[in-house]
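Heads up, the thing below is written out as structure tokens.
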Amino acid sequence: MYKLIPLPVILPLVAAFLIAIVGKRFKRLAKILSVLVFLSTAVLSYWYMVAGNQETMLYKIGGWEPINDIPIGVYMLLDPFSGFMLCIINTIALLSTVYSVNYITKFTGVNYFYTLLSIMVAGLNGVVLAGDLFNLYVFLEITVISSYALVAFGTDKEELEASLKYQVLGGIATSLILFSIGMIYWYTKTLNMMDITRVLHASGDVKLIQFCQLMLIAGFGLKAAIMPFHGWLPDAHSSAPSPISAMLSGVVIKAAGLYVIFRLFFNMFELNFEISVLITAIGTLSMVVGVFLAIGQWDLKRLLAYHSISQMGYVIIGVGMGMIILSRQGSLAAASLAITGGLFHLVNHAVFKGLLFLNAGAIEYRLGTRDLKKMGGLAEKMPLTAATSLGASMAISGIPPFNGFFSKLIIIIAAIQARFYILAALAVLVSIITLASFMKFQRYAFFNGKISASRVNISEVPPFMAFSMTIMALLCLALSLLLIPDLREHVLQPAVDILTGRNAYFINLLNK
Amino acid sequence: MEDNLTSITLGHALLFTVIIPAIAGLVLFALPKKSNRIKDILTIAITVLSCFAAFKLYASVQQAVLVGYCSIILQPFKAWFQIPAECAQYLTLNVDAMARLIILLVAGFSLLISIYATGYHHAEKKPKHFHSLLLLTLAASSAAIFADNLMVLIVFWGFLGFTLYAMLSPDDEQSSAAAKKTLILIGASDGLMILGIAIIGKIAGTFSMALLDLSTTNALTVIAFLCLAIGAFTKAGAFPFHTWIPDYTQTATAPASAYLPAALDKLLGIYFLTRICHDVFQISGGIRLTILCLGALTIIIAVMMALIQHNYKRLLGYHAVSQVGYMITGIGLGSVLGIAGGLFHMINNAVYKSGLFLAAGCVKSATGKDDLEELGGLSKAMPVTFICSLIFALSISGVPPLNGFASKWMIYQGIIDLGKGTGPENHLWMVWLAMAVIGSALTLASFVKFISGIFLGRQKPALGTIQEVNPLMWAPMLLLALICIGFGTFATNWVIPSMLEPITGNIHYSGLWNSSLITLLIGISLLLGILFYVIATSGKLRVAESFIGGETNRDETGFEPVSFYETIRNSLLFKPFYAWAEKKYFDVYELSKKLVLDVSDLFSKAHTGILSNLAFWVLAGLIFMFLFLLL
């Protein structure tokens, strides 16, 4: 396994260049190659999760060993938390790619699409595997630049506008991130995350580092689209081609935003009470305001996009409560429960939001509209889309036995256990409004009268799209099983333990 | 040996009411549409089995078995499958006398409705996947009742909201709006229940209902109780969370209405209310007062709304709400008599209300009409439906000797007993009694409209020839009607001692009441009346024209029961209230919807999508965070 660590980055990059160079000569190369590559990266990440005891591995590129315990090479870090993220990224990427096989036929420039998608996945895998801040930054840029291009893929007026906004705001975030990485480098004289941890731990609490932390929250918060840094998301996620929306909402905001925040603030920095409260507060703000914005939308993909903001709020309050508890030296069990809830919701959201965007894509593919008011009566004509989207809607609204119910349940219980009563009540309120807005989606898209005369001939989507949606709908049910103790200890708990291990985990890692 | 026998029975009950229906439900879901006949037979077979197993469980043990373990079902597979120790607390079962009775009722209604649906499916469009939804509902309801752990209960309870939504099977504008409203209200109450359960877990450290005994003295416990009570109220359909029921019954097909809002949701809601009021919490006087108030309001408000309805399914929906008021009042009384009365009324209501919806389904499938104005004079064409409806209607209105009377009588007695206490809720006993009795009278008034509007008067020519429905449809209805008579007649001699006293303990009535004797006396007086009529009319008879207010008798002249009730709507006292009700001013759903959308508009106004604004937010957020850390 050790030698295979760079593969999730290398394989998609190889695919990207191959498709770009020789894609024109071999007609089906792009589709087949990208599916195969994502399949193999997905299998690799499952293998890591399933085989053995998920030990933490540091891959030293070029075999540069540390001198006097000071790392000099570029490290890649594979531990249960990054393994968990790898599974999510590559699964959603695989299913989106399979879905695209049919979907992308309505665009030209198919090879560019697969090239950009492969680069994006390579970047995402790089972000979660990166062991030093600079590589993290580089992979982050790889991801977001390819997603700028993918958002603009339709090259209509709206799409270009969305992409422009995304680029400008992304640029602000990038400069904040790069600036604070520079500051950290200036202060600690190193870029390796474990080494930085060691230096920071020795030096104690410094105002400069807190300054950097805030800029990192703003920078990565913008990538994760938490309020008030969310301005780009509704446009970008609704304008992109649907499989890309599924990637952006399902994976990119998590891997490029939340993952990094969690990783840096739990493992690299010393946990700090004020910062924890701040993170939880902006999480709460996103959760509440996002859902109110969502329910008023009539553009289906925009509605889904605003819900991504709101659902990211759930993930953040789950993990943020854990942060607060840990920073107050509270009980480890309570913190671990809250973080479990947060991470569980993260994987659940990836699946059901991915599926919802694919459903929206299926409707757009057949009807050519995203306006809920122009839909109706689709339940008869597109039964599979209707059934899968019902499952996903139930999952996001927290109706048992779908996965979203259980993760929200854990978050609410954890909040009550830690005496965050208001937070628990808000989580319930947001869940109810989420349910209301997805009932709106169900009603206007699939029921509400008969289908209009001009659309009597529409039929269910082609097989590849149907396949992806079915698998995701089954996942919506199957992920509930992660609650079973045996499975939870295998999948969620190791990742949670990494976070609750705090910075001691990184310090010990280097001493090993 | 005895223990072993009981656990085998329990294991069988679990297998046949939960596991097999759940699996069969999933299998039927996958079967193609064409195999409807197979689905029908399979569904009936499984519900028969579950009925049988539930009955065996009900009859097997005399004393209350409190807690059993799910693991008994896995006994044969012990070698392959080991339940982890930390799961054990979630797998305890609560099989006391109440749970056993409710499970028997759930299984019984599932059987009746599945038989009815077999006949119904030819008449009108049936909900998609009706069979599999019915079986899944059976499984989830039984599991929710078996569960002792609140967490397990909420999982199955929440799933029932989903089956409720799916059974409505919306297609047109009205039904999709109703489906949306239903699931939003039910889902919201489930969310609140989760909050309540989490608070209980925090206070008590356990989720097991058998171990819980909380007194509602501090604010947190009261909040937890209210959250759970809202869950029970919404499921059963009590004011002010009842508004989904009329919409649902108006648009859903008859089997769905008769199965969920009329029978199972009442059983579950009242079951859970009883559990939380008497097992999980010790409720204080203030909460008792609140519950009684809501109960009384539910009775009156819903029945007043029922009076003015034109759509008979909607009318029945409002009655389904109104009757919940009696059960809640009974449970809220807290005395043995009150609880027994409430539970008995729950059973009786499930019987006659389900029957009424089945009758409505028969009328609908025979005529295809929804409005009372378009119907009339069906008594000759549909005699069985007519007689059954009449029995149900008399029963719901509390006419002795039928079952509705028996349970209402117990509740009245309970209310009178309440007057002996000293709290504020005790001093108001006259109010509760008056509300309950007036509610009952108004129920009778609106059922006069129902019966006469559909079955009496002159048949509208537009209806054409009407035929009685097929036996598969009327047989379950007839059975329910017989139960109505039987439960009423033998209330004190057999039904209450054998069904309710094991749950509540011995019941002392404040006066002499022997249901069979009363039935006998009523029977004799009816016979005498008929005898006199026959004797008096056997001689000479004179036929004369009816006096119709000086008008000439034309073809369209008729006694319109519906328009008669317009006088109530237009009376000075009620007119503004009805007007407000029609504008949905009393509807929690509409009110909160408006509030949420207003807030949504407010936020949307800030989202102009102008790039410089968005960039400004980022900087503002950053500055705010700096300030937060500095201050």
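Numbered from 1 within each chain, the chains take letters A, B, ... in sequence-line order. Source: prediction; values computed, not measured. No hydrogens, no waters, no symmetry mates; every other heavy atom, side chains included, goes into these values.
The CZ atom of F229(A) lies 9.5 Å from the CG atom of L619(B); values are rounded to the nearest 0.5 Å. Note that CG of L293(A) is 4.5 Å distant from NE2 of H607(B), once rounded to the nearest 0.5 Å. Note that CG of D601(B) and CD1 of I295(A) are 11.0 Å apart. Values are rounded to the nearest 0.5 Å. Interatomic distance, F447(A) CZ to Q174(B) CD, rounded to the nearest 0.5 Å: 15.5 Å. To the nearest 0.5 Å, atoms OG (S176(B)) and CZ (F446(A)) are separated by 13.0 Å. Taken from CG in L611(B) to CD in Q167(A), the straight-line distance is 10.5 Å, to the nearest 0.5 Å.
Each of R419(A), Q297(A), E161(A), M215(A) has some count of heavy-atom pairs under 4.5 Å with chain B, and the biggest count is that of R419(A). The candidate with the highest count of non-hydrogen atom pairs below 4.5 Å against chain A, out of A188(B), G191(B), A140(B), A179(B), is A188(B). Top candidate by heavy-atom pairs under 4.5 Å with chain B, chosen from L429(A), L409(A), V277(A), is L409(A). Between chain A and the residues G201(B), G158(B), C227(B), S592(B), the most heavy-atom pairs under 4.5 angstrom are made by G158(B). Of the residues considered (I223(B), I154(B), I194(B)), I194(B) shows the highest number of contacts with chain A, using heavy-atom pairs under 4.5 Å. Highest contact tally toward chain B, considering only L169(A), I432(A), L214(A), is held by L214(A) [criterion: heavy-atom pairs under 4.5 Å].
The side-chain heavy atoms of L183(B) and R443(A), taken from C-beta on, include no pair separated by under 4.5 Å.
Only the side chain of Y165(B) comes within contact range of chain A, with heavy atoms under 4.5 Å apart. Interface remark: F406(A) contributes side-chain atoms only to the contact with chain B (heavy atom separation under 4.5 Å). Within the 4.5 angstrom heavy-atom criterion, atoms from both the backbone and the side chain of L622(B) approach chain A. Contact annotation for L602(B): neither backbone nor side-chain heavy atoms come within less than 4.5 Å of a heavy atom of chain A. The part of F628(B) that comes within reach of chain A is its side chain, from C-beta onward, which places non-hydrogen atoms under 4.5 angstrom from that chain. Neither the backbone nor the side chain of K408(A) comes within contact range of chain B; no heavy atom of the residue lies under 4.5 Å from a heavy atom of that chain. For A177(B), the parts sitting under 4.5 Å from any heavy atom of chain A are the backbone and the side chain alike. Both the backbone and the side chain of I199(B) come within contact range of chain A, judged by heavy atoms closer than 4.5 Å.
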Apply side-chain contact (heavy atoms from CB on, under 4.5 Å) to the pair K180(B) and Q442(A), showing each step before the final yes or no. CA-CA 8 Å; K180(B) 176 177 165 221; Q442(A) 289 293 321; over 6 Å; no

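Atom CD1 of I422(A) has 12 or fewer neighbouring heavy atoms from other residues, nucleotides or ligands inside a 6.0 Å radius.
Minimum interatomic distance between L220(B) and Y421(A) (heavy atoms only, all atoms of both residues): CD2-OH, 3.4 Å. Among all heavy-atom pairs drawn from V428(A) and L192(B), the shortest one is CG1-N, 4.0 Å. Nearest heavy-atom pair, P228(A) versus G621(B), reported as atom, atom and distance to 0.1 Å: CG-CA, 3.7 Å. Between A198(B) and I413(A), the closest heavy-atom pair is CB-CG1, 3.9 Å. In terms of heavy atoms, V155(B) sits closest to P400(A) at O-CG, 3.0 Å.
Using cut-offs of 30° and 60° for the angle between ring planes, the F292(A) and F603(B) rings count as tilted. Classified by interplanar angle (parallel below 30°, tilted 30° to 60°, perpendicular above 60°), the ring pair W617(B)/H230(A) is parallel.
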